[in-house]
Student: 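I'd like to ask some things about the structure below.
Each chain gets a letter, A, B and so on, in the order its sequence line appears, and its residues count up from 1.
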Amino acid sequence: MKQNISQILQANAPIDVEAEGWIATVRTSKNVTFLALGDGSCAAHLQIVIGENTIERTLLSQLGVGAAIRCTGTLVPSLAAGQRVELQAQRIDLIGAVDPDYPLQKKRHSFEFLRTIAHLRPRTRTFGAVFRVRHALQMAIHRFFDDRGFIQVHTPIITTADCEGAGQMFHVTTLDLDAPPRANGAVDYAQDFFKQKALLTVSGQLEAEVFALAFKNVYTFGPTFRAENSNTARHAAEFWMVEPEMAFCDLAGDMALAEAFMRRIISDVLTRCEADMDFFDQWIEKGLVQRLEKVVQANFAHMTYTEAISALQQSNESFAYPVSWGLDLQSEHERWLTEKHVGRPVFITDYPRGIKAFYMRLSDDERTVAAMDLLVPGVGEIIGGSQREERREQLQQQLHFFKLNPADYDWYLDLRRFGGVPHAGFGLGFERALMYITGMQNIRDVIPFARTPGHASF
RNA sequence: UCCUGUUUAGCUCAGUCGGUAGAGCGGGUGGCUGUUAACCACUAGGUCGGCGGUUCAAGUCCGUCAACAGGAGCCA
């Protein structure tokens, strides 16, 4: 198998090699030309040295930034500082020429401009690092669960239940939208492909619970969809979510898993993507690596929602949003708690029933539910989870409390009749975790081809 | 969706008090004994986001639409 540039850069010089890739920069002087060649396999480029009269002058003039080439020659220790080895070219083949209007230049571009050329931006250093780390983070997540005996469940992407009553969902239909069949004045979904209204999933959690009650420890990791008209740096219409679910597990066990999970995936990426993480530390967010190392080392703090509210009320900070028991915590509150009050990651637990989802387990005080959010310095909430309501009667009460139709949840209620057990889980937005780990500030820049309101190009 | 801001060369930006447009990079040409986003010289490149208004005169002031960004809400 051919060697990629990552492997070539680690080879013992001198040795004859063949390198393939795209030209990142060109520097010429009278007797020598230098190319920086990249193939996405690592953050570093391979320096190619072209001596006088090595190749045809017409070929040399075609070696512009962006061109794809194959270079054969001898890998030798570099004569200059800046790289350990370099490739002395003996032969260069132009595999893919580049037109002079190639938009990427050897200078800084704005992320806004690069979003408009999503078909070319993966070749830049920043996006090379982003998508290598995205892959590494994904693998770290799978390894974490696999090491603990978790089974991954491929929960459905097309669903017929508005699972959590959360937000707008995308419809999936084969009906003619210009003239849909009607019955009793409404669209007649009985004539649709699934013979009922179908939607794109917003969460695999409810289906994951089914598998947790058969395989004990499971997780989902797949795409989810929200049709919300949210136009922010942290929202996308299509994103990936990680949702572990554990049977015979309470909220404390849930938090213990979440803490071990965060530590492990961060340390995995730090050790496996050292060069890319150094790149982010230098160019995207100063101090990033140190911030993450502190998260890996720190014991996460714990406090209840009620304790958090009183801490906020006694803080003498002036918040834009009011603080009072029963109101949800705003971003500014979460940031203050994790950054200033405790100065490390913190779990907030036992939220008021009314501001959390119907499936969360009602506590004995009947005012709070067994919910937890993990807040981390820099971003605020990164994980949300809960112990699920395993008692059938209480779950029915919760459905009534949230004005949901029990008939839509018959199979979910059934789980509480046939060997139901205490169980718990949490959800992690994959892209938000990636933003946290890379320091990238816009979710559109950690997704290969982002889907947001008004944008589904590429 | 709301608030605020931005829109000038292929890219990143400057443009003062209203008087018909500038730089760096990139492209082209030439130079340079090994460069590190190389460097030096010359050169081409513009419907100043669209439409409308004020004015003798608009990149500049006003209105409007659009795109983009930041913040908010919603959330992951």
Student: Does the ring centre of A:Phe261 sit less than 6.0 Å away from the ring centre of A:Phe145?
Tutor: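 Centroid distance A:Phe145-A:Phe261: below 6.0 Å, so yes.
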Student: In whole Å, measure the gap between the C1' atoms of B:G45 and B:A9 for me.
Tutor: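 These two C1' atoms come out 6 Å apart once rounded.
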Student: At 4.0 Å (heavy atoms only), tell me whether A:Tyr321 reaches a base, stays on the sugar-phosphate, or touches nothing.
Tutor: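 If one applies the 4.0 Å heavy-atom cut-off, A:Tyr321 turns out to touch the sugar-phosphate alone, with no base involved.
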Student: If the C1' atom of B:G18 is compared with that of B:C48, how far apart are they to the nearest Å?
Tutor: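 My reading of the C1' atoms in B:G18 and B:C48 gives 15 Å.
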Student: Could you tell me whether the phosphate oxygens of B:G26, OP1 or OP2, come under 4.0 Å of any side-chain nitrogen or oxygen in A:His109?
Tutor: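 No, outside the criterion.
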Student: Going by purine N1 to pyrimidine N3 plus the second Watson-Crick contact, or the G-U wobble pair, all under 3.5 Å, which nucleotide sits opposite B:A41?
Tutor: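 Paired with B:A41, as far as the under-3.5 Å criterion goes, is B:U29.
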Student: Both distances under 3.5 Å, Watson-Crick or G-U wobble: report the partner of B:U47, or none.
Tutor: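 WC or wobble partner does not exist here.
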Student: Once you apply a heavy-atom cut-off of 4.0 Å, does A:Asn442 come out as touching a base, just sugar-phosphate, or nothing?
Tutor: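 Sugar-phosphate contact only - A:Asn442 comes under 4.0 Å of backbone atoms but never of a base.
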Student: Under a 3.5 Å limit for both distances, which nucleotide forms a Watson-Crick or G-U wobble pair with B:U20, could you say?
Tutor: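 Answer to the pairing question: none, since B:U20 forms no Watson-Crick or G-U pair.
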Student: Base, sugar-phosphate or nothing for A:Gln441? Non-hydrogen atoms, less than 4.0 Å.
Tutor: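 No contact.
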Student: For B:G24 and B:G15, measure between their C1' atoms and round to the nearest Å.
Tutor: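 The answer is 15 Å between these two C1' atoms.
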Student: Might you work through the side chain to side chain contact (heavy atoms under 4.5 Å, CB included) test for A:Leu63 and A:Ile92, ending with a clear yes or no?
Tutor: CA-CA 10 Å; A:Leu63 301 181; A:Ile92 287 179; 4.2 Å; yes
Student: Looking at B:G34, I'd like to know if its phosphate oxygens (OP1 or OP2) sit under 4.0 Å from a side-chain N or O belonging to A:Ser29.
Tutor: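 Yes, within the criterion.
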Student: For B:G49 and B:U12, measure between their P atoms and round to the nearest Å.
Tutor: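 B:G49 and B:U12 have their P atoms separated by 14 Å.
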Student: Under 6.0 Å between ring centres, would you say that holds for A:His142 and A:Tyr219?
Tutor: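 That pair passes the under 6.0 Å test.
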Student: Give A:Gln330 one of three labels, base, sugar-phosphate or nothing, depending on what nucleic acid heavy atoms sit under 4.0 Å from its own.
Tutor: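 Sugar-phosphate, no base atom in range.
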Student: Where do A:Arg143 and A:Asp147 land on the salt bridge (Lys or Arg N to Asp or Glu O under 4.0 Å) test, with the steps shown first?
Tutor: CA-CA 6 Å; A:Arg143 267 196 305 273; A:Asp147 288 352; over 6 Å; no
Student: Under 4.0 Å, heavy atoms only, any strand: does A:Glu431 hit a base, just the sugar-phosphate, or nothing?
Tutor: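 No contact.
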Student: Between B:G34, B:C11, B:C68, spot the one nearest the side chain of A:Phe113, thanks.
Tutor: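 Side chain of A:Phe113 sits closest to B:C11.
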Student: Out of the candidates A:Thr54, A:Asp16, A:Thr74, only one should pair with A:Gln90 under the side chain to side chain donor-acceptor pair (under 3.5 Å) rule; please name it.
Tutor: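 In the set A:Thr54, A:Asp16, A:Thr74, the residue that makes a side chain to side chain donor-acceptor pair (under 3.5 Å) with A:Gln90 is A:Thr74.
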Student: Using a heavy-atom cut-off of under 4.0 Å over every strand shown, decide if A:Ala433 touches base, sugar-phosphate, or nothing.
Tutor: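 Counting heavy atoms under 4.0 Å across all strands, no contact is made by A:Ala433.
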Student: When all nucleic acid strands are considered with a 4.0 Å heavy-atom cut-off, which category describes A:Thr116: base, sugar-phosphate, or nothing?
Tutor: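 A:Thr116: no heavy atom of the nucleic acid under 4.0 Å.
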Student: How is A:Phe239 classified with respect to the nucleic acid when contacts are heavy atoms under 4.0 Å: base, sugar-phosphate, or nothing?
Tutor: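 Here A:Phe239 touches the bases of the nucleic acid.
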Student: How would you label the contact of A:Ala36 with the nucleic acid (heavy atoms, under 4.0 Å): base, sugar-phosphate, or nothing?
Tutor: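 Here A:Ala36 touches no strand at all.
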Student: Indicate whether OP1 or OP2 belonging to B:U35 is found under 4.0 Å from a side-chain N or O atom of A:Arg27.
Tutor: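 No, no such contact exists.
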Student: Do A:Tyr321 and A:His333 have ring centroids that are under 6.0 Å from one another?
Tutor: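 No, they do not, as the ring centres are separated by 6.0 Å or more.
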Student: Round to the nearest Å and state the distance from A:Met435 atom CE to B:C75 atom C1'.
Tutor: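 Whole-Å distance recorded here is 13 Å.
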Student: Round to the nearest Å and state the distance from A:Lys106 atom NZ to B:U36 atom C1'.
Tutor: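 Distance check: A:Lys106 NZ to B:U36 C1' gives 10 Å.
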Student: Looking at every strand, decide which applies to A:Arg115 at a 4.0 Å heavy-atom threshold: base, sugar-phosphate, or nothing.
Tutor: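 Here A:Arg115 touches the backbone only, sparing every base.
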Student: Indicate, with a heavy-atom threshold strictly under 4.0 Å, whether A:Asn229 touches base, sugar-phosphate, or nothing.
Tutor: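 It contacts base atoms.
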Student: Just do the side chain to side chain contact (heavy atoms under 4.5 Å, CB included) check on A:Phe150 and A:Val218 with the steps written out, would you?
Tutor: CA-CA 5 Å; A:Phe150 281 61; A:Val218 303; 5.6 Å; no
Student: So which nucleotide does B:A72 pair with, by the Watson-Crick or G-U wobble rule with both distances under 3.5 Å?
Tutor: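 Matched B:A72 with B:U1 under the 3.5 Å cut-off.
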Student: Measuring only the C1' atom in each nucleotide, how far is B:A72 from B:C61? A whole number of Å is fine.
Tutor: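 Those two atoms are separated by 31 Å.
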Student: Please report, rounded to the nearest Å, how far the C1' atom of B:U36 is from the NE2 atom of A:His45.
Tutor: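 Rounding to the nearest Å, NE2 of A:His45 and C1' of B:U36 are 12 Å apart.
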Student: Rounding to a whole Å, what distance do you find between A:Gln47:CD and B:U35:C1'?
Tutor: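 Atom CD in A:Gln47 sits about 7 Å away from atom C1' in B:U35.
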Student: So what does A:Ser230 touch, heavy atoms closer than 4.0 Å: a base, only the sugar-phosphate, or nothing?
Tutor: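 The residue A:Ser230 makes base contact.
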Student: Suppose you measure atom C1' in B:G30 against the same atom in B:U16; what distance do you get, rounded to whole Å?
Tutor: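 Roughly 38 Å separates the two C1' atoms.
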Student: Distance between the P atoms of B:G19 and B:G31, in whole angstroms?
Tutor: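 Here B:G19 and B:G31 have their P atoms 43 Å from each other.
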Student: From CG of A:Asp445 over to C1' of B:G70, roughly how many Å is that when rounded to an integer?
Tutor: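 Checked: the CG to C1' distance equals 14 Å.
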Student: Can you tell me how far C1' in B:C13 sits from the matching atom in B:U55, rounded to whole Å?
Tutor: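 Their C1' atoms lie roughly 30 Å apart.
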Student: In whole Å, I'd like the distance from the CZ atom of A:Phe319 to the P atom of B:G71.
Tutor: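 In whole Å, B:G71 P lies 19 Å from A:Phe319 CZ.
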Student: At 4.0 Å (heavy atoms only), tell me whether A:His235 reaches a base, stays on the sugar-phosphate, or touches nothing.
Tutor: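 Counting heavy atoms under 4.0 Å across all strands, the contact made by A:His235 includes a base.
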Student: In whole angstrom, what separates A:Gln105's CD from B:A38's P?
Tutor: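 The distance from CD of A:Gln105 to P of B:A38 comes to 12 Å, rounded to the nearest Å.
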Student: Applying the Watson-Crick and G-U wobble criteria at under 3.5 Å, what pairs with B:U36? Answer none if nothing qualifies.
Tutor: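 Pairing partner: none.
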Student: B:G70 P sits how many Å from A:Phe111 CZ, rounded?
Tutor: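 Between P of B:G70 and CZ of A:Phe111: 11 Å.
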Student: B:G34, OP1 or OP2 - any side-chain N/O from A:Ser78 closer than 4.0 Å?
Tutor: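 Checking B:G34 against A:Ser78, no side-chain N or O comes under 4.0 Å of OP1 or OP2.
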Student: Where the side chain of A:Asp99 meets the backbone of A:Asp101, is there a donor-acceptor pair that is under 3.5 Å apart?
Tutor: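 A pair under 3.5 Å: no.
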